[in-house]
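The structure appears right after this line, and notes come after that.
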Amino acid sequence: MPELPEVETVRRLLEPRIINKTISLVRVNYWRMIQSKKEEFIPRLTGRTFKKMDRVGKFLIFTFDTDLILISHLRMEGKYIDGRLDEPDSRYARVVFELNDGTKICYDDSRCFGTMQLSNRATYLKEPPLSNIGPEPFNIDDPRRLLTIFNKSSRPIKELLLDQTIMTGLGNIYVDEVLFLAKIHPELPGNYLTLNEVKRLLVNSNEVLAKAIAAGGSTIRTYHAAKGVDGRFQQQLFAYNRAGKPCLRCQTPLAKIKVKGRGSTFCPRCQINRSLPLVVAITGAMHAGKSTILRLASEAGYPTISSDAMVKQLYAQPASVTKVAQLLHTTFPDNRIDSKQVLDIILTDPPAKKRLEKWVHPIIKAQVLQRLKEIKAPLVFVEVPLLFDAKWDYLAHYIIGVTTSYDIQTKRIKENFAYPELALKLAATNQFAVYQNRVDELIVNDGTQKELQTMAEKAINHAVNTLIKTAESANF
DNA sequence: ACAGCTTCCTGATCGC
DNA sequence: TGCGATCAGGAAGCTG
């Protein structure tokens with residue numbers, strides 16, 4: 001929706017346009033949005049004169065010359081558009097208030113999510129929906145009260161901040177901004193929050209909302225506070241709508257995930273989820289030495305996850321045979337997945353490859369995340385061949401890349417693969433070279449096994465030392 | 001009690 | 001270029 005700053009902007013723009021004007025006629029084009037008794041809606045409003053306009057959280061409160069109260073929630077797309085009576089209604093006018101000075105205001109809402117209800121001055125704050133909403137950040141003096149509530153829940157902090165019964169005002173845009181500024185991962189469970197972090201969340205909520213109000217809110221997509229009036233705050237957004245763009249603090253590309261079904265943009269390096277271990281990802285070209293590095297990390301005593309091994313395990317399951325056959329539009333006569341046959345198909349039929357990846361990647365990703373949750377260690381090494389292509393790089397806090405020169409890769413593949421021609425073709429499709437500049441340490445494995453081992457051990461130690469520093473400098 | 005999913009709608013944009 | 005899939009400033013209302 002419009003969030004608190006946009007609703008406040010609407011209030012400030014609308015109040016002077018309607019104050020002391022009298023409603024001569026009310027037209028309702030979409031009755032489902034009226035939450036109070038429908039038969040009373042038009043009669044109780046007709047002839048009333050607008051007085052003050054208030055706002056509670058994201059609700060607009062219209063007051064009149066009697067004790068009548070109109071409560072309006074704009075939800076995602078709601079807006080008020082004013083015009084003259086001789087003009088046509090706005091395109092998605094759901095409720096129209098005609099006024100006695102020849103003007104009208106149209107409540108416009110393409111998606112019909114908004115609500116209106118009548119109440120009265122004495123009771124409207126004591127009954128739903130307003131009785132259920134929490135304080136605005138401006139009115140919270142003691143962060144301990146919030147800390148107590150957050151700490152009782154294992155829900156992601158983003159969910160808790162969107163819960164208007166705990167605190168009201170933040171929506172999807174400003175929650176991402178506040179979490180970015182406070183350097184807190186959107187999925188950090190509430191019971192991990194420290195007092196220091198809650199203080200940061202409160203300070204930043206206050207600042208972001210105040211600045212956004214001062215800028216007239218954010219005009220994004222279809223939302224305008226009023227006809228011809230655009231907010232300017234979107235120019236100051238750090239996170240929202242910036243997925244893939246460099247973090248304005250550390251230049252890491254911002255990641256986008258779903259939290260409670262809402263798109264959530266954050267910096268994977270500035271906002272670390274400490275309920276999970278820190279991740280050193282190992283990625284790189286085909287047959288370049290990823291598995292060797294992973295094995296060395298394991299031998300050095302660190303927990304490891306191999307997504308390659310997970311894929312092999314998945315393919316070995318009986319249920320996978322029919323699934324893969326169906327995705328590749330083929331059959332496996334031996335009732336087991338024939339890797340040469342699969343390779344053949346994915347090299348000649350790109351859409352088939354896409355279908356297969358669309359099935360495999362989410363399964364493996366879920367398994368990796370599950371393992372990360374289970375591992376009770378501060379740090380884990382994860383081998384992911386297609387880290388960047390599969391867009392998993394946001395899971396990594398340090399990336400070791402490994403590559404080989406073309407000639408040496410060709411030689412090794414010819415010596416080691418049962419179907420070298422197909423393997424070479426597959427190697428040629430690997431895009432790692434494109435992403436090389438995004439790794440923290442690049443190992444060029446053109447020498448002996450012994451030389452690889454030396455480089456890998458150095459890289460492993462460097463990754464660990466860097467991440468220990470990261471964890472120490474994080475201000476919980 | 002509560003986590004997770006669906007629903008209320010329509011329009012713009014993305015991706016094969 | 002067309003056409004289905006996905007996404008969008010929100011929150012209530014289901015289900016298990």
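The analysis underlying the following values was restricted to heavy atoms, covering all of them including side chains, and did not include hydrogens, waters or symmetry mates. Letters A, B, ... are given to chains in the order of the sequence lines, protein chains preceding strands, and every chain is numbered from 1.
Figure legend: A:Arg438 and A:Phe388 shown without cation-pi pairing, the cationic atom not lying both under 6.0 angstrom from the six-membered ring centre and within 45 degrees of its axis.
Nearest to the side-chain atoms of A:Lys354 among the listed nucleotides C:dT6, B:dG11, B:dC16 stands B:dC16. The nucleotide whose nearest atom lies closest to any side-chain atom of A:Glu3 is, among C:dT6, B:dT10, C:dG10, C:dG10. Closest contact between the side chain of A:Tyr240 and the listed nucleotides C:dG10, B:dC9, C:dA8 involves C:dA8. Checking C:dT6, B:dC8, B:dT10 against the side-chain heavy atoms of A:Tyr92 singles out B:dT10 as nearest. Among C:dA8, C:dA11, B:dC9, the nucleotide with an atom closest to any side-chain atom of A:Lys58 is C:dA11. When the nucleotides C:dA11, C:dT6, B:dG11 are ranked by their closest atom to the side chain of A:His73, C:dA11 comes out on top. Listed nucleotides: C:dA8, B:dA3, B:dC9. Nearest to the side chain of A:Arg155: B:dA3. The side chain of A:Lys256 has C:dC7 as its nearest neighbour among B:dC9, C:dC7, C:dG10.
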Using the salt bridge (Lys or Arg N to Asp or Glu O under 4.0 Å) rule, take A:Arg27 and A:Glu98 through it: C-alpha gap first, then chi angles, then the decisive distance, then the call.
CA-CA 8 Å; A:Arg27 288 183 278 123; A:Glu98 297 191 1; 3.0 Å; yes
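Across all strands, A:Phe233 comes closer than 4.0 Å to no nucleic acid atom at all (heavy-atom distances). In this structure, A:Lys260 reaches neither bases nor backbone, as no heavy-atom distance under 4.0 Å exists between it and the strands shown.
A gap of 24 Å separates the C1' atoms of B:dA3 and C:dA8, to the nearest Å. The same atom, C1', is picked in C:dG10 and in B:dA1; the two are 23 Å apart, to the nearest Å. For the C1' atoms, the distance linking B:dC8 with C:dC3 amounts to 25 Å, nearest Å. For the P atoms, the distance linking B:dC9 with C:dC14 amounts to 15 Å, nearest Å.
Remark: ring of A:Phe113 stacked against base of C:dG10; centroid gap under 5.5 Å, plane tilt under 30°.
Relative orientation of the A:Phe238 and A:Phe180 rings is parallel, given thresholds of 30° and 60° on the angle between their planes. The aromatic rings of A:Phe97 and A:Phe50 stand perpendicular to each other, their planes meeting at an angle above 60°, with 30° marking the opposite boundary.
If you take NZ of A:Lys258 and P of C:dA5, they are 16 Å apart, rounded to a whole angstrom. Taking atom NZ of residue A:Lys158 and atom P of nucleotide B:dA3, one finds them 17 Å apart after rounding to whole Å. One atom, CD of A:Glu77, and another, C1' of C:dG10, lie 11 Å apart when rounded to the nearest Å. To the nearest angstrom, P of B:dC2 lies 18 Å from CG of A:Leu162.
Comparing A:Ser153 and A:Pro351, the nucleotide of DNA chain B nearest to each residue sits closer to the 5' end for A:Ser153. Mapping A:Glu159 and A:Cys112 onto DNA chain B by nearest heavy atom places A:Glu159 at the nucleotide closer to the 5' end.
Side-chain nitrogen and oxygen atoms of A:Arg91 include at least one within less than 4.0 Å of the OP1 or OP2 phosphate oxygen of B:dG11. Distances shown here put every side-chain N or O of A:Arg355 at or beyond 4.0 Å from the OP1 or OP2 atom of B:dC16. When the side-chain nitrogen and oxygen atoms of A:Gln164 are compared with OP1 and OP2 of C:dG10, none of them lie within a distance under 4.0 Å.
Side-chain atoms of A:Arg11 do not come within 3.5 Å of backbone N or O of A:Val7 as any donor-acceptor pair. Proximity of a side-chain donor or acceptor of A:Gln341 to a complementary backbone N or O of A:Thr331 within less than 3.5 Å is detected.
Donor-acceptor pairing under 3.5 Å, judged by distance alone, is present between the side chain of A:Arg111 and the base of C:dA8.
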Could you summarise the pairing of DNA chain B as dot-bracket text, marking Watson-Crick and G-U pairs under 3.5 Å with ( ) or [ ] inside the strand and | across strands?
.|||||||.|||||||
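When only modelled atom types and interatomic distance are considered, A:Gln370 and A:Glu374 share a side-chain donor-acceptor pair under 3.5 Å.
A salt bridge does not link A:Glu357 to A:Lys354: none of the charged nitrogens lies less than 4.0 Å from a carboxylate oxygen.
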